[in-house]
Chemist: 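One structure, as structure tokens, below. Some questions next.
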Amino acid sequence: MFDAHVHMGYFPRWGKAEPYYYSPRRIFGALTRAGVDEFIVSSTNAIWDTAGTSMHAEAREMKRLTGKRAHIFFWVGMRYLAHDPDLARLPEGLYEGFKLHGGESAWLQQPELLVRVLSIARERTFPVQIHTGINDKGNSNTISEYVPYCRQFAELSIDLAHGKPHEDVPGVLAELPHVYVDTAFVSPQTVNAWLDAGADERRIMFGSDIPAPQRYSTISLSAYLRREGGLFSSQDILSRNAMRFLGMDIPET
């Protein structure tokens, strides 16, 4: 199983007044116990760590623990971008892509900065994961709002994470062959509706968004992963599509 949407770092947690720290070891342990072989992970420390120091340390620790099993995306925030406008200070070889979240940074309200990051991703042949959906600040980050940028950067593999609003997914996947969605907080019924509407199954990736589920309940992360993974039978969704997204070779079966 390949989980295309994972986090480490500080995150809200049910019953905790302050953000809870999810270390690389804690996240990797939950993934391993659930039978996840590889995963895409980004740090939520972008919210507090404007110089990238904590994020780089976490990324190095995750790589030390997991080797090639972890594919680490650097969470680009506007405050970090002000510190490093060309993203030239990122450690060489540590990151494989970029994560953008409109709740943490208002990318759609400053499109010149969004274009800058996507342009750098294109130069580096980095895939990009972009959060979609309403966030805590009430900012809208919908698929349709990001589609013009997806059209502009047709060379990039782009994951419109969560696929919000869900009814837009089949049309976007039909128009843009380089765009993917993941299943983080998406029900199998919704995925089946996408497929029934003609969506390309090879561009829907399994994603759990752990540790976010512990924001809403006291569920075990590994139990949540096993349950969510068990809802899908397609090996494309559970594994191969994330490999396609990353440009990896797909093993023959």
Side-chain angles (χ1 to χ4, degrees), residues 1-7 27-28 30-42 62-63 66-73 95-99 121-122 124-132 143 150 153-164 166 168-210 212-213 221-222 224-253:
M1 189 159 68
F2 198 130
D3 192 333
H5 192 145
V6 175
H7 297 287
I27 294 300
F28 181 50
L31 291 161
T32 299
R33 288 190 296 274
V36 174
D37 302 297
E38 296 186 56
F39 54 97
I40 295 170
V41 59
S42 61
M62 185 63 88
K63 276 294 185 184
T66 68
K68 295 182 179 180
R69 293 174 64 181
H71 304 272
I72 305 176
F73 281 24
Y95 297 104
E96 298 181 40
F98 292 145
K99 168 75 182 219
R122 180 168 57 192
R124 301 184 186 185
T125 63
F126 271 11
V128 179
Q129 184 177 86
I130 303 176
H131 170 90
T132 64
I143 287 177
C150 295
F153 291 90
E155 306 91 339
L156 290 180
S157 289
I158 298 174
D159 171 25
L160 296 175
H162 306 290
K164 296 290 186 72
H166 292 154
D168 289 354
V169 166
V172 170
L173 295 187
E175 178 192 349
L176 302 169
H178 62 293
V179 169
Y180 294 72
V181 293
D182 64 48
T183 68
F185 289 104
V186 179
S187 71
Q189 291 78 14
T190 296
V191 174
N192 286 335
W194 291 343
L195 297 174
D196 289 343
D200 184 354
E201 184 179 73
R202 298 195 308 169
R203 284 184 287 126
I204 302 170
M205 304 184 290
F206 172 74
S208 68
D209 206 5
I210 70 163
L221 292 180
S222 54
Y224 180 86
L225 276 161
R226 285 193 294 269
R227 186 189 76 190
E228 292 299 297
L231 296 174
F232 299 97
S233 59
S234 166
Q235 286 305 305
D236 279 327
I237 291 174
L238 287 172
S239 181
R240 297 190 193 104
N241 294 343
M243 299 175 73
R244 292 186 178 99
F245 174 67
L246 291 172
M248 299 170 61
D249 293 330
I250 311 295
E252 295 183 6
T253 56

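Everything quoted here is computed from the prediction, not taken from an experiment. Throughout, residue positions are numbered sequentially from 1 according to the sequence presented.
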Chemist: Taking atom CZ of F185 and atom OG1 of T190, what is their separation to the nearest 0.5 Å?
Modeler: 13.5 Å

Chemist: So does R244 have more than 12 non-hydrogen atoms from other groups sitting under 6.0 Å from CZ?
Modeler: yes

Chemist: Only one of K99, H7, Q129 clears side chain to side chain donor-acceptor pair (under 3.5 Å) with S42; which?
Modeler: H7

Chemist: For the backbone of F206 and the side chain of E228, can you confirm whether one donor and one acceptor N or O come within less than 3.5 Å of each other?
Modeler: no

Chemist: Treating D37 as the side-chain partner and F2 as the backbone partner, does any N or O pair qualify as donor plus acceptor under 3.5 Å?
Modeler: no

Chemist: With rounding to the nearest 0.5 Å, note down the distance linking CD in E96 to OG1 in T125.
Modeler: 10.5 Å

Chemist: Using modelled atom types and a 3.5 Å cut-off, is there a donor and acceptor pairing between side-chain atoms of S239 and backbone atoms of Q235?
Modeler: no

Chemist: If I take atom CG from residue L238 and atom CG from residue D3, how far apart are they, to the nearest 0.5 angstrom?
Modeler: 10.0 Å

Chemist: Could you give the distance from CZ (R203) to CD1 (I158), rounded to the nearest 0.5 Å?
Modeler: 12.0 Å

Chemist: Hey, are H178 and S157 close enough side-chain-wise for a donor-acceptor pair under 3.5 Å?
Modeler: no

Chemist: Let's go through R69 and L31 carefully: what are the C-alpha distance in whole Å and the side-chain angles of both, what is the deciding distance for side chain to side chain contact (heavy atoms under 4.5 Å, CB included) to 0.1 Å, and is it a yes or a no?
Modeler: CA-CA 11 Å; R69 293 174 64 181; L31 291 161; 5.9 Å; no

Chemist: When rounded to the nearest 0.5 angstrom, what is the spacing between OG1 in T66 and CD1 in I72?
Modeler: 6.0 Å

Chemist: Taking D209 for its side chain and A184 for its backbone only, find out whether a donor-acceptor pair lies under 3.5 Å.
Modeler: no

Chemist: In sequence, state the C-alpha distance, the side-chain angles, and the governing distance for V186 and W194, and then conclude on side chain to side chain contact (heavy atoms under 4.5 Å, CB included).
Modeler: CA-CA 11 Å; V186 179; W194 291 343; 3.7 Å; yes

Chemist: For the residue pair L195 and A199, what are the closest heavy atoms and their distance?
Modeler: CD2-O, 3.7 Å

Chemist: Walk me through whether F126 and F73 qualify under side chain to side chain contact (heavy atoms under 4.5 Å, CB included).
Modeler: CA-CA 9 Å; F126 271 11; F73 281 24; over 6 Å; no

Chemist: Checking L246 against I40 for the side chain to side chain contact (heavy atoms under 4.5 Å, CB included) test, could you report, in this order, the C-alpha distance in whole Å, the side-chain angles of both residues, the deciding distance, and whether it holds?
Modeler: CA-CA 9 Å; L246 291 172; I40 295 170; 4.1 Å; yes

Chemist: Look at the aromatic rings of H5 and H162 and report parallel, tilted or perpendicular, splitting at 30° and 60°.
Modeler: tilted

Chemist: How close do A242 and M205 get, heavy atom to heavy atom, and via which atoms?
Modeler: CA-SD, 3.5 Å

Chemist: With I210, which of V36, V41, L221 fulfils side chain to side chain contact (heavy atoms under 4.5 Å, CB included)?
Modeler: L221

Chemist: Which distance, rounded to the nearest 0.5 Å, do you find between the CE of M1 and the CD of E38?
Modeler: 12.5 Å

Chemist: Can you give me the closest heavy-atom contact between S208 and P213, atom names plus distance?
Modeler: O-CG, 4.0 Å

Chemist: For the CG atom on D249, are there more than 12 heavy atoms of other groups (residues, nucleotides or ligands in this structure) within a distance under 6.0 Å?
Modeler: no

Chemist: State, to 0.1 Å, how close A30 and L225 come at their nearest heavy-atom pair, and which atoms those are.
Modeler: O-CD1, 3.8 Å

Chemist: With side chains defined as the heavy atoms from C-beta onward, is the minimum distance between C150 and I130 less than 4.5 Å?
Modeler: no

Chemist: Which pair of non-hydrogen atoms, one from G163 and one from I143, has the smallest distance, and what is that distance?
Modeler: C-CD1, 3.7 Å

Chemist: At their closest point, which heavy atom of L231 faces which heavy atom of P188, and how far apart are they?
Modeler: CB-CG, 3.5 Å

Chemist: Exactly one of E201, R202, R240 should register a side chain to side chain contact (heavy atoms under 4.5 Å, CB included) with S234. Which one does?
Modeler: E201

Chemist: According to the interplanar angle, ranging from 0 to 90°, do the rings of F245 and Y180 count as parallel (below 30°), tilted (30 to 60°) or perpendicular (above 60°)?
Modeler: perpendicular

